[in-house]
Each structure stands twice: as structure tokens, then as C-alpha cells.
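First up is the structure itself, then whatever we jot down about it.
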Amino acid sequence: MVVPELRPWRAARPRVARLARTVRPRLTRATATVKPQLGRARAAVKPQLERATATVRPQLERAGRATAAVKPRVVRITRTVGPRLAALPRPKPLTTFSLSTPKTLRTWHYTAGAATAGLALTAGVVTAAGPWDSSGQRTAERDWAAVQERSGGTDHGRNSGTSDTSATSGTSAGAPAPAPSAPSVLTGLGSATGTLRAAPAGKTLAAVLDPLLKNPALGTRRTAAVVDVATGKRLYGLGAGEALVPASTTKIATAVAALSAMGADHRLTTRAALEPDTDELVLVGGGDPTLTARTDPEGWASLRTLADSTAAALTERGVRQVTLSYDTTLYAGPELHPIGADNGGNIALVTALMVDEARMNDSTSGTADRSTEPAADAARTFATLLAKHGIKATSPGPSKATGRATTLAKVSSPPLSALVERMLTNSDNDLAEALARQTALATGVRPDFAGGARAIRAQLAKLGLPLSGTRFADGSGLNRADLLTPNLLTALLAKAGDPSHPELRAALTGLPVAGFTGTLSARYTDGAAGVVRAKTGTLTGVNALAGTVVDRDGRLLAFAFLTANTASRDAAQTALDRMATALAACGC
């Protein structure tokens with residue numbers, strides 16, 4: 001991976017500053033002159049644009065259906081990024097740029113550097129609009145391109161030219177539209193030509209990380225590993241083969257196993273089936289916890305759409321009353337996670353049929369009170385939606401659709417890649433356990449907690465990953481019986497970055513972005529924001545962090561830090577963040 005550095009910029013700064021002082025007044029006058037003309041031009045072309053829109057609308061609608069899956073992530077990320085961008089340090093204008101502000105310069109270097117890091121990680125899935133494609137990241141890309149005096153390339157963002165940040169801060173106004181194309185920054189992954197510095201030396205990394213790992217906030221046991229993603233070579237290790245409780249970093253393993261077993265395009269389907277001669281309508285769960293009953297599904301599978309289509313099919317058959325049942329037999333074993341019902345709202349019952357993750361409020365992530373009857377509640381909501389179309393349904397009960405039942409309608413989740421990204425970004429326990437069971441189903445293993453754990457391990461073994469000393473007990477990491485090593489976590493990340501495994505890329509693009517998204521949105525506010533991408537892991541006395549970072553020399557590094565017996569969650573998290581920030585700042 002090639003990340004532009006600031007050294008050449010220091011040499012050119014005086015000339016650029018003089019040029020900027022000369023050009024700026026002219027640009028201001030030109031803007032004032034052109035603005036009225038632009039308004040008149042806009043009014044003139046509006047009718048033609050409306051006619052063109054009417055012509056291409058069918059094609060746009062088809063494209064919209066193909067990209068509907070990304071809408072919820074874009075909406076949520078935009079809401080998250082807006083206020084945080086306002087607080088990010090900004091570089092001084094070129095007319096007053098000075099070396100007397102090294103701290104601001106370094107912080108902005110971290111933030112702007114996210115452009116190339118994000119492009120490298122998402123080049124294979126850029127159309128999926130993962131977390132890097134938020135308005136905040138797009139602004140960073142544009143400003144970095146402006147500083148580097150580059151233009152052209154591919155626009156990886158959406159509505160980037162009209163982002164809230166651009167409109168309010170003016171930092172991107174007039175900057176080159178697209179950032180550099182992805183291929184120019186992929187050398188670190190072996191995907192493009194170019195020069196790249198050698199990977200950091202182990203002794204140098206030890207000098208950086210060893211003192212930080214001695215922080216008492218990290219508890220009585222701490223392990224670490226750093227790997228060069230381009231080569232898979234381990235550069236640093238401290239107890240790297242020692243297994244500790246990984247907490248939610250387990251989800252990285254779940255993501256890789258699920259993507260490997262089913263493929264990035266796999267979807268989870270919920271259907272309504274009519275039994276012959278009985279007018280029994282069965283709502284058949286497909287194991288999709290993101291199935292939603294909200295008015296705006298935001299790209300997720302919609303129970304309302306399923307009810308609309310089912311009602312239309314029943315009406316066509318002349319059926320106005322049905323016996324409603326629900327089928328959850330896709331999964332086996334207990335529904336209650338081993339940690340029990342008193343789980344702080346971290347997870348619902350694991351069942352093949354639920355709506356909105358059985359949440360009792362309007363939240364879409366984090367903890368929430370959960371229904372004690374997820375499947376029955378989903379069926380009752382379905383009955384209410386049918387009633388709006390004049391279809392009467394009995395009070396629902398459990399059943400199993402027979403092989404003779406006719407599927408009247410079905411709705412499918414976004415592709416598995418989108419589900420994995422949501423799981424990792426939000427640390428979604430419900431999705432994690434669903435994907436563990438889906439992996440079991442895909443590999444012929446009993447779809448319960450134990451079977452999901454066995455399926456994950458077996459799938460990782462097929463990929464040749466280091467499993468010595470590890471143990472899986474669930475897919476989410478809520479179970480303290482899980483044991484993982486830094487060796488395995490970094491190998492998982494390196495495998496996801498391997499150009500020969502593009503199906504695994506969502507395991508990288510879904511990682512929370514420091515200071516921007518998911519479980520890292522409130523962290524790294526004063527360093528490495530936008531550069532570190534990592535999955536957090538937190539249980540009482542357990543803190544972990546595993547992800548990727550681009551160092552100052554342009555190497556994409558995978559890291560994993562696991563700790564045990566920590567006394568303070570916040571202090572441990574701060575200590576972990578310092579280590580990841582140190583890797584980002586390392587010109588080793």
C-alpha cells in the first residue's frame with residue numbers, strides 16, 4: 001500500500017503558499033461572477049433534467065433495488081459522522097500553513113490518511129458502500145487529494161460534493177472532486193505496482209509497543225501480535241500463541257467462517273407458505289434477525305412487503321381467512337444463550353424467526369429490552385399487516401411447513417457481506433449467533449450453539465488458519481468459554497486482505513472506523529481518527545482490540561491485543577487505543 005507522505009510537501013510548501021496568496025483573490029472574484037450565471041443555467045436546464053429523469057427512472061429503480069442494502073449503513077454512518085467531523089482538527093489554509101503547528105498537522109495526517117487506507121481495504125467491494133464511504137471519510141479523501149495537488153480517479157463516495165461538512169466548513173469547496181483511484185494505493189496488498197518501504201522491524205516495533213504493554217491498566221495478562229498483511233509475516237509478538245478470552249473480537253472469526261462457507265452474496269430468506277386444502281398460512285423463518293417491520297425498511301428485508309405480497313396472492317386465490325402458524329424449525333437446540341436471560345439486553349433469544357431483533361424499542365444497535373416470544377410476536381405483527389388488506393388470521397401458533405406447501409411470497413436479506421459489516425460495525429450479537437448457525441447449516445452441522453461453534457472452527461481449519469490453543473463456544477464472544485490467540489486474530493485479518501480471497505473482504509470493511517463508526521465512534525477523538533479500523537472486545541475484566549492500521553511508511557498492518565483481569569474498562573480501552581495509535585504513527 002502506498003500512502004502519500006508529507007515530506008515532499010514540506011519542500012514545496014513555500015511555493016504553494018505564495019501561489020495560494022496570489023490565486024485566492026482571483027478565485028473569490030471569479031466565484032462572485034459565476035454564481036448568478038450558475039443560477040440561471042440551473043433554471044434553464046431544469047425541464048430537460050426532469051424529462052431525462054422520467055426516461056431513466058426504470059433503470060434507476062432497478063439499480064436502486066441492487067443497492068438498497070447499503071442505505072441503512074449510509075444513513076446511520078452519516079448521522080454518526082456529522083457531529084464528530086465538526087470536532088476534528090483541520091489544517092490551516094494554505095495561505096497560513098506553518099510548521100509551528102505539528103500536533104494539528106499530525107492529527108490531520110492521521111485523519112486524511114484514512115482516504116488511502118480506506119481505498120485499499122475497500123477496493124474490491126467499493127460498490128458496497130461500507131463505513132469508509134461516509135460523508136466524513138469522503139471529505140477527508142477530498143482534502144487529502146487537494147493537499148497532494150492530485151485530481152482524477154474514482155469517486156468512492158456518495159453525495160460527497162454536498163456533504164454537511166463540505167457545506168459548513170468549506171474545507172472541500174473547490175477541491176479536486178475524486179480522490180486518487182484505488183489501484184494506486186493497493187501495492188501493500190500486492191494489487192498494484194509502485195514503491196513501498198520495508199515492513200517495520202521487529203525490534204523497532206518492540207521498542208514502541210513493549211513499554212505500552214506494561215501499562216497496569218491492561219490487567220495481569222496481556223498478549224499481542226502485529227502482522228504485515230501484504231506478506232502474512234508476523235512482525236511482533238508477545239504471547240502471540242497464548243489463548244485468552246477474546247470477547248467480541250470472536251466476531252471476526254465468525255465473519256470469516258460465514259463468508260467462506262456461504263459466499264459474500266448469500267441471502268437469508270423469510271417466506272409465507274400456504275398448505276394445500278387447509279388454508280393454513282405458515283410464516284417460515286429463515287434466520288434473518290434483520291427482518292424489519294418498520295415503515296421504512298432502509299434496505300433490510302421487510303415484513304410489510306412480505307404481508308403485502310402474501311395478501312395479494314391470497315386474494316387472487318379467493319382466500320380471505322387463514323389459520324396462521326409460524327415455523328422456527330430451521331434452527332435446533334436451546335434458544336437462550338448460555339449467559340442466560342439476565343444479559344443486560346445484549347442478545348435476544350436465538351430463533352429462526354424474529355422482527356427487528358426482538359427489540360422492544362426503536363433502536364437498531366446496542367442493548368435493549370427484548371421480547372420473550374420473538375417468533376410469536378413476529379407472527380402477530382404479520383397478522384396485523386394482513387388485516388390491513390382484509391385478510392383475517394387466527395391467533396398464531398408454532399408449526400412446520402410441509403413439503404407440499406406453496407410459497408406465496410418471500411423477502412430476502414441484503415447479501416451476507418452487508419450482514420457481516422453490520423455485525424462487526426455494531427458488534428451485533430444477534431447477527432453473530434445467526435451467522436454461526438447459518439454456517440452450521442451450510443456445512444451440514446446441527447444448527448445450535450455447539451454446532452455453530454464447531455462449524456466456525458472447521459471452516460477456519462479449511463482456510464489453514466492457526467487454531468492451536470483456541471476454543472469456540474459461540475459466534476458472538478459473549479461466552480467466556482471462548483479462547484482465541486493474537487496469532488489467530490491477525491491471521492484472520494490477513495486472510496481477509498488476501499487478494500485471492502475477495503469473498504472475505506467484508507471482514508475488513510465492516511470493522512469500526514476509529515472516531516467515526518460503530519463501537520469506535522467515541523474513541524480516538526484526539527489521535528489516529530479514521531486510520532485505525534478495529535473490532536473491540538469487552539467483558540468484565542476482559543478488554544481486546546483487533547484490526548488494521550496503515551503505518552507512516554504505507555504498510556497495512558494487522559494487530560491483535562488481548563488482555564485479562566483488567567480493573568477498569570475505560571482505562572484499559574485507553575491503553576489499547578494508545579498502542580493502535582502508536583502503530584499508526586510508526587515510521588519503523
Side-chain angles (χ1 to χ4, degrees), residues 223 225 227 229 232 240-264 337 347 416-417 419-440 442-443 445 447 449-498 501 503-512 519 533-539 542 544-548 558-562:
T223 60
V227 166
V229 175
E242 181 182 353
L244 295 179
V245 177
S248 281
T249 57
T250 302
K251 293 182 176 73
I252 298 174
T254 302
V256 170
L259 290 165
S260 175
M262 294 175 278
H337 191 281
I347 189 171
L416 181 60
S417 58
L419 301 184
V420 163
E421 286 185 336
R422 172 169 166 170
M423 175 188 70
L424 293 173
T425 299
N426 296 335
S427 197
D428 192 312
N429 297 310
D430 301 287
L431 256 173
E433 296 303 341
L435 295 186
R437 277 168 164 71
Q438 295 290 336
T439 303
T443 56
V445 179
F449 283 106
R454 285 197 302 273
I456 291 172
R457 184 181 185 88
Q459 204 62 32
L460 299 186
K462 289 182 179 179
L463 291 171
L465 295 165
L467 295 171
S468 177
T470 63
R471 181 169 67 201
F472 292 94
D474 66 2
S476 62
L478 288 172
N479 196 327
R480 288 177 179 270
D482 291 315
L483 291 174
L484 300 186
T485 65
N487 272 346
L488 175 59
L489 287 168
T490 50
L492 285 164
L493 295 165
K495 184 68 71 172
D498 187 339
H501 286 281
E503 75 281 2
L504 304 180
R505 201 71 76 240
L508 292 181
T509 59
L511 294 173
T519 54
R533 301 185 63 138
K535 182 71 199 74
T536 57
T538 308
L539 294 172
V542 173
L545 190 69
T548 62
F559 65 87
F561 307 132
L562 301 179

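Side-chain contact between T439 and T254 is absent, with no heavy-atom pair separated by less than 4.5 Å. Looking at L511 and L493, their side chains come closer than 4.5 Å, going by heavy atoms from C-beta outward. The side-chain heavy atoms of L484 and T250, taken from C-beta on, include a pair separated by under 4.5 Å.
Using a 3.5 Å distance cut-off with no hydrogens or angles, the side chains of S260 and Q459 do pair a donor with an acceptor. Looking only at atom types and distance, the side chain of S427 has a donor-acceptor partner in the side chain of S248 under 3.5 Å away.
A distance-only check finds a donor-acceptor pair linking the side chain of R505 to the backbone of A496 [under 3.5 Å]. Of the possible polar contacts, one joining the R457 side chain to the T470 backbone as a donor-acceptor pair under 3.5 Å is found.
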Fill in: Verdict with reasoning, L463 to H501, per side chain to side chain contact (heavy atoms under 4.5 Å, CB included)
CA-CA 10 Å; L463 291 171; H501 286 281; 3.9 Å; yes
Worksheet item: Stepwise, does the side chain to side chain contact (heavy atoms under 4.5 Å, CB included) test hold for L545 with T536?
Response: CA-CA 5 Å; L545 190 69; T536 57; 3.9 Å; yes
Discussion item. As a quick check of understanding, evaluate side chain to side chain contact (heavy atoms under 4.5 Å, CB included) for K251 and N429, giving each step before the final call.
Written reply: CA-CA 9 Å; K251 293 182 176 73; N429 297 310; 2.8 Å; yes
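Among residues at least two apart or in separate chains, side-chain hydrogen bond (donor to acceptor under 3.5 Å, both in side chains) pairs with a member in residues 477-492 are R234-N487.
Distance check, rounded to the nearest 0.5 Å: CG of L483 to CG of L244 gives 7.5 Å. Rounding to the nearest 0.5 angstrom, the gap separating the CG atom in L259 from the CG atom in L504 is 6.0 Å. Atom CD of E421 sits about 12.0 Å away from atom CG of L431, to the nearest 0.5 Å. Of the inter-residue distances, the one linking K462 atom NZ with T443 atom OG1 reads 6.5 Å to the nearest 0.5 angstrom. Atom CZ of R437 and atom CG of D474 lie 10.0 Å apart (nearest 0.5 Å). The CD atom of E433 sits 4.5 Å away from the CD1 atom of I347 when rounded to the nearest 0.5 Å.
R454 forms no cation-pi arrangement with F449, by the criterion of a distance under 6.0 Å to the ring centre and an angle within 45° of the ring axis.
A255 approaches V420 most closely through the heavy-atom pair CB-CG1, 3.6 Å. Listed here is the closest heavy atom pair of F559 and A534: CZ-CB, 3.9 Å. Of all the heavy atoms in A240 and A225, the pair that sits closest is CB-CB, 4.0 Å. Across every non-hydrogen atom of A453 and F472, the tightest pair is CB-O, 3.4 Å. For the residue pair G475 and A432, the shortest heavy atom distance occurs at O-CB, 3.5 Å.
D428 meets the salt bridge (Lys or Arg N to Asp or Glu O under 4.0 Å) test with R422; sequence neighbours excluded. Checked against salt bridge (Lys or Arg N to Asp or Glu O under 4.0 Å), E503 has no partners two or more places apart in sequence or in another chain.
The side chain to side chain contact (heavy atoms under 4.5 Å, CB included) test with L488 is passed by exactly one of T249, I252, L467: L467.
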